Participant: 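Take a look at the following structure, please.
Below, read A as the first sequence line, B as the second, and so on, with proteins coming before strands; counting in each chain starts at 1. What you are looking at is a predicted structure, and each value in this text was computed from that prediction instead of being measured.
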There are 2 protein chains.
Amino acid sequence: MTEPLTQSIQDYLKHIYELTERSQPASTTDLAARLNVAPASVTGMLQKLAAAKPPLVIYKKHQGVTLTKAGLRAALEVIRHHRLLETYLVNALGYTWDEVHEEACRLEHVISEEFEARIATALGHPNRDPHGELIPSADLTMPADQSTPLSSLRPGQSATILRVDAQDPNLLRHLDDLGLTPGIEIEVSAYSEFDHNLTVRVRRKSHVLGLNTTTKIFVEVDK
Amino acid sequence: MTEPLTQSIQDYLKHIYELTERSQPASTTDLAARLNVAPASVTGMLQKLAAAKPPLVIYKKHQGVTLTKAGLRAALEVIRHHRLLETYLVNALGYTWDEVHEEACRLEHVISEEFEARIATALGHPNRDPHGELIPSADLTMPADQSTPLSSLRPGQSATILRVDAQDPNLLRHLDDLGLTPGIEIEVSAYSEFDHNLTVRVRRKSHVLGLNTTTKIFVEVDK
DNA sequence: TCTATTATTTAGTCTAACCTAAATTATTGT
DNA sequence: ACAATAATTTAGGTTAGACTAAATAATAGA
Ligand SMILES: [Mn+2]
Ligand SMILES: [Mn+2]
Ligand SMILES: [Mn+2]
Ligand SMILES: [Mn+2]
């Protein structure tokens, strides 16, 4: 229905999705920070999105926004593009996982459904991107996320890395150097209850990881 | 030098390049037609491009525009993107030659130099796109075009198709059905001097082609 | 409960790129 | 050479999406 959504609107919806994923409406300020835009600009756009036909968000002054059905579909469409693109850049064109975000962020608004379908096929219809983020299916449903943050594991537990929730290229390269990437088996050997550091064994080496790292790595705990 | 050129400016420069390729400044009206924009809008943009620092075009009221050095480089940059993309879509993603133009026209403004370099490498640094159009080199020089229009051949001459200068998907599919695609050997067996039809032998079959077709196919004549 | 701080919204501007209508300039056929 | 026609430019407007500064609302701490 209706005219195509602008780039800018697509980015707003994508970020609203991400901010509201764990319920809670998204605040003006958080959106402004993510979108690199002044808070006043966000207010203006949110009013517009709420007034669109059909409305893309539910917005109440001073109380944040959430997506409507239509807004959610549009957001998942962009996110599917983004994550498929990242996967394609890595698997087919040899990018590393720290190089793909910006490229995907520009391309996501511009590829056709044809292009989307062709790269999905070329990749064998993956469900996760190079960072382990889930890729919405072609019919725009987001698979359920079963992962636990690494920070919640304790000595003796072992797990498989599912997902790394970071965009900072330096951090991504660092994690790659340590071998902390999706699919990898790890084991927790120590925990410091004062600074919350975890000692993690990967590839036969141990590393002490701080909270800043362990809250960004999500795993499936072995049983 | 300077800020990145907008999509719109990139498209203007690309079309000015194409219109001025056979010398002659490009007219406001021709540009308007190609860009699907009102003539008045073109005038406005041309004034802006001429006033840019550095100037991208040379523009004199009522006399059309040509590209400056800087404008030429920018145009070739976009054209290289466009043609590499078309080639990639066909060779790597299985598009047919009638499906690629629009997709490339959107992507051309958005891919990074990194992306350009990677697809160029993946393709083995081609010099022609799927229609046989020459691809500017990475250092932004356009190879010389050595081709002759098929319409200038006469019975007895044989040639290899180098290039097909058409965007209309229906025409492209038709030519593909006949086997009139770059790289193919053809032989002219008859000419009608009244309607300028040529009878052309391709793949052991003969076809009578009108001027509308034969001026869009460019060949290298066998010696 | 009141005040200080922070978050959010309003008001007023700006820029890019387009538009239409009217005015002007060029060109062409006689 | 000149009127009719065609091409081009000017003038004035619109829209999307941003910005800054000022006003207002919410919240938290004493
Ligand atoms: Mn984006
Ligand atoms: Mn899609
Ligand atoms: Mn384009
Ligand atoms: Mn380039």
Participant: Tell me whether B:Trp97 contacts the main-chain N or O of B:Leu172 through its side chain, where contact means a donor paired with an acceptor under 3.5 Å.
Facilitator: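 Yes: the side chain of B:Trp97 pairs with the backbone of B:Leu172.
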Participant: Does the side chain of A:Gln63 get closer than 4.0 angstrom to OP1 or OP2 of C:dA7 through an N or O atom?
Facilitator: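 Indeed not, no polar side-chain atom of A:Gln63 lies that close.
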Participant: Can you tell which of C:dT9, D:dT9, D:dA16 lies closest to the side chain of B:Tyr59?
Facilitator: D:dT9
Participant: OP1 or OP2 of D:dC19 less than 4.0 angstrom from a side-chain nitrogen or oxygen of A:Ser41, does that happen here?
Facilitator: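 For D:dC19, OP1 or OP2 has a side-chain N or O of A:Ser41 closer than 4.0 Å.
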Participant: Can you name the nearest heavy-atom pair linking A:Leu162 to A:Ser147, along with the distance?
Facilitator: CD1-CB, 3.7 Å
Participant: Can you tell me the distance, in whole Å, between the CG atom of A:Leu46 and the P atom of D:dA18?
Facilitator: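 These atoms are roughly 11 Å apart.
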Participant: Does any donor atom in the side chain of A:Gln10 or A:His109 lie under 3.5 Å from an acceptor atom in the other side chain?
Facilitator: yes
Participant: Looking only at side-chain N and O atoms, does A:Ser8 come under 4.0 Å of OP1 or OP2 in D:dA16?
Facilitator: no
Participant: Mapping B:Asp30 and A:Thr6 to their closest nucleotides on DNA chain D, which lands nearer the 5' end?
Facilitator: B:Asp30
Participant: Verify the contact: side-chain N or O of A:Lys61 to OP1 or OP2 of D:dT24, cut-off strictly under 4.0 Å; return yes or no.
Facilitator: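 No, outside the criterion.
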Participant: Closest approach to the side chain of B:Ala40, judged atom by atom: which nucleotide of D:dA21, D:dA11, D:dA18 is it?
Facilitator: D:dA11
Participant: Which residue pairs pass the salt bridge (charged side-chain N to carboxylate O under 4.0 Å, His left out) test when at least one of the two sits in residues 15-27 of chain B, sequence neighbours left out?
Facilitator: B:Glu18-B:Arg34
Participant: Can you measure A:Lys48 atom NZ to C:dT9 atom C1' for me and round it to whole angstrom units?
Facilitator: 17 Å
Participant: For B:Leu35 and C:dA17, what is the distance between atoms CG and P respectively, to the nearest whole Å?
Facilitator: 12 Å
Participant: How many whole angstroms separate atom CD1 of A:Ile9 from atom C1' of D:dA18?
Facilitator: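 Distance, rounded to whole Å: 13 Å.
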Participant: Which nucleotide in the list D:dA18, C:dC19, D:dA16 gets nearest to the side chain of B:Ala38?
Facilitator: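 It is C:dC19.
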Participant: Expressed in angstrom and rounded to an integer, what is the separation of B:His62 atom NE2 from C:dT25 atom C1'?
Facilitator: 5 Å
Participant: Would you list the pairs meeting salt bridge (charged side-chain N to carboxylate O under 4.0 Å, His left out) in which at least one residue belongs to residues 75-90 of chain B, sequence neighbours left out?
Facilitator: B:Arg80-B:Glu116, B:Arg83-B:Glu133
Participant: Can you measure B:Leu5 atom CG to C:dA16 atom P for me and round it to whole angstrom units?
Facilitator: 13 Å
Participant: Quiz question: by atom type and distance under 3.5 Å, do the side chains of A:Asp11 and A:Ser8 form a donor-acceptor pair?
Facilitator: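 Not at all, the side chains of A:Asp11 and A:Ser8 share no donor-acceptor pair under 3.5 Å.
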Participant: Kindly indicate whether the side chain of B:Asn170, heavy atoms from C-beta on, has any atom under 4.5 Å from the side chain of B:Arg173.
Facilitator: yes
Participant: At a heavy-atom distance below 4.0 Å, what parts of residues 102-113 of chain A sit against DNA chain C?
Facilitator: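 The stretch gives none, as no residue of it lies under 4.0 Å from the strand.
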Participant: So does A:Tyr12 get a side-chain nitrogen or oxygen closer than 4.0 Å to the phosphate oxygens (OP1/OP2) of D:dA16?
Facilitator: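 Looking at the OP1 and OP2 atoms of D:dA16, neither is under 4.0 Å from any side-chain N or O of A:Tyr12.
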Participant: Measure CD/A:Gln10 against P/D:dG17 and give the value in whole Å, please.
Facilitator: 11 Å
Participant: Can a side chain N or O of B:Thr43 be found less than 4.0 Å away from OP1 or OP2 on D:dT10?
Facilitator: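 Checking D:dT10 against B:Thr43, no side-chain N or O comes under 4.0 Å of OP1 or OP2.
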Participant: Please report the C-alpha distance between B:Glu99 and A:Arg118 in whole Å, then the side-chain angles of each, then the deciding distance to 0.1 Å, and finally whether the salt bridge (charged side-chain N to carboxylate O under 4.0 Å, His left out) criterion is met.
Facilitator: CA-CA 13 Å; B:Glu99 294 173 329; A:Arg118 285 187 189 264; 3.6 Å; yes
Participant: Output the rounded distance in Å from CG (A:Leu31) to P (D:dA18).
Facilitator: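 After rounding, the reported distance stands at 12 Å.
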